[in-house]
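Some notes on the structure that comes next.
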Number of protein chains: 2
Amino acid sequence: MTPTPKDHSECTRNLLPVKDALDILGGKWKLPIIIALTFGNKRFKEMQREINGITAKMLSKELKDLEVNQLVKRTVYDTVPVSVEYELTTYGKSLHKVIGELRTWGLQHRKKVLSKAE
Amino acid sequence: MTPTPKDHSECTRNLLPVKDALDILGGKWKLPIIIALTFGNKRFKEMQREINGITAKMLSKELKDLEVNQLVKRTVYDTVPVSVEYELTTYGKSLHKVIGELRTWGLQHRKKVLSKAE
DNA sequence: CCGCATCCCCAAGGATACTG
DNA sequence: CAGTATCCTTGGGGATGCGG
């Protein structure tokens with residue numbers, strides 16, 4: 001009979017940073033982009049070709065987000081038809097561990113659920 | 001076998017399990033629910049009270065998802081007004097590490113970005 | 001108490017066309 | 001080549017009410 005037991009604000013505290021992380025990795029394209037860049041620096045068009053199904057709009061928007069969050073660095077080369085290169089920052093690479101964990105867990109899970117035809 | 005040079009199918013391979021994982025942790029409520037249950041078994045209404053802002057519909061739906069994925073166990077007690085208890089399965093608890101990583105990274109990120117008023 | 005059904009809204013994302 | 005602008009679709013999720 002506790003009037004308002006806000007012990008669960010503790011949950012919230014635990015949750016916030018997790019949501020932050022998911023906010024960055026979430027959405028449909030953030031991960032594909034980050035992972036694509038894991039394989040080396042890329043130019044815009046190049047990425048669009050590699051990331052299956054992404055539109056220029058989305059790629060542009062997501063890259064901007066990632067840039068703001070300092071996960072990706074954008075470099076403009078003053079060539080004739082201007083070329084732009086994207087690369088993961090050191091900070092962006094720090095996601096490697098998180099992604100690795102997600103991947104490991106996902107693999108395990110896939111086995112488990114697929115075996116009983118979800 | 002591959003007529004088109006899909007070297008980036010390697011990315012895809014790396015990506016799939018990650019997306020699987022995000023599929024489960026993604027959405028607005030999966031994490032709040034899992035984390036709430038981390039703090040102990042809960043009944044439906046109880047969870048609804050603890051997880052700020054969630055509707056019965058969403059709670060119900062998400063719990064079902066989690067149950068299908070074997071992360072949560074649902075137990076119905078044959079009391080007069082039926083009561084239902086939810087708990088994390090061992091498997092569900094295996095997410096702890098992943099969540100921990102997300103949380104760690106999120107904390108770090110928050111510091112970094114908040115310091116320059118995102 | 002538990003939770004589904006219905007209706008509704010909005011933001012994420014897609015298609016297409018256009019500029020520097 | 002590297003994007004931007006515009007319009008449109010979709011489905012995730014909210015509000016409310018009912019049924020077991």
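Residue numbers begin at 1 in each chain, while the letters A, B, ... track the order of the sequences.
Think of the region where chain A sits on DNA chain D: with heavy atoms and a 4.0 Å cut, that region ends 5' and 3' at dC1(D) to dC7(D).
Of the charged side-chain nitrogens involved, at least one lies within less than 4.0 Å of a carboxylate oxygen, so that Lys42(B) and Glu50(B) count as a salt-bridged pair. Salt-bridge annotation for Lys97(A) and Glu101(B): present, with a side-chain N of the basic residue lying under 4.0 Å from a carboxylate O of the acidic one.
Counting heavy atoms from C-beta on, the side chains of Lys64(A) and Lys61(A) never come closer than 4.5 Å. Contact check for Tyr91(A) versus His109(B): side-chain heavy atoms found under the 4.5 Å cut-off.
Taking atom CD of residue Gln48(B) and atom P of nucleotide dC2(C), one finds them 9 Å apart after rounding to whole Å. Going from atom CG of Leu66(B) over to atom P of dG3(C) covers 13 Å, rounded to whole Å.
The two residues Tyr77(A) and Val82(A) have their closest heavy-atom pair at O-CG2, 3.4 Å.
At the heavy-atom level, Tyr86(B) lies under 4.0 Å from the strands shown only through sugar-phosphate atoms.
Phe44(A) and Tyr86(A) have tilted rings, their planes meeting at an angle from 30° to 60° on a 0 to 90° scale.
A salt bridge (Lys or Arg N to Asp or Glu O under 4.0 Å) check over residues 69-81 of chain A, counting only residues at least two apart or in different chains, returns the pairs Lys73(A)-Glu87(A).
When the side-chain nitrogen and oxygen atoms of Arg43(B) are compared with OP1 and OP2 of dC1(C), none of them lie within a distance under 4.0 Å.
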Protein-proximity profile, nucleotides 8-15 of chain C, B/S/- by nucleotide at the 4.0 Å heavy-atom cutoff, equals -----BBB
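With respect to Ile51(A), the side chain to side chain contact (heavy atoms under 4.5 Å, CB included) criterion is satisfied by exactly one of Arg49(A), Met47(A), Gln48(A): Met47(A).
Closest approach to the Lys64(B) side chain among dC4(C), dC2(C), dG20(C) is made by dC4(C) (side chain taken as heavy atoms from C-beta onward).
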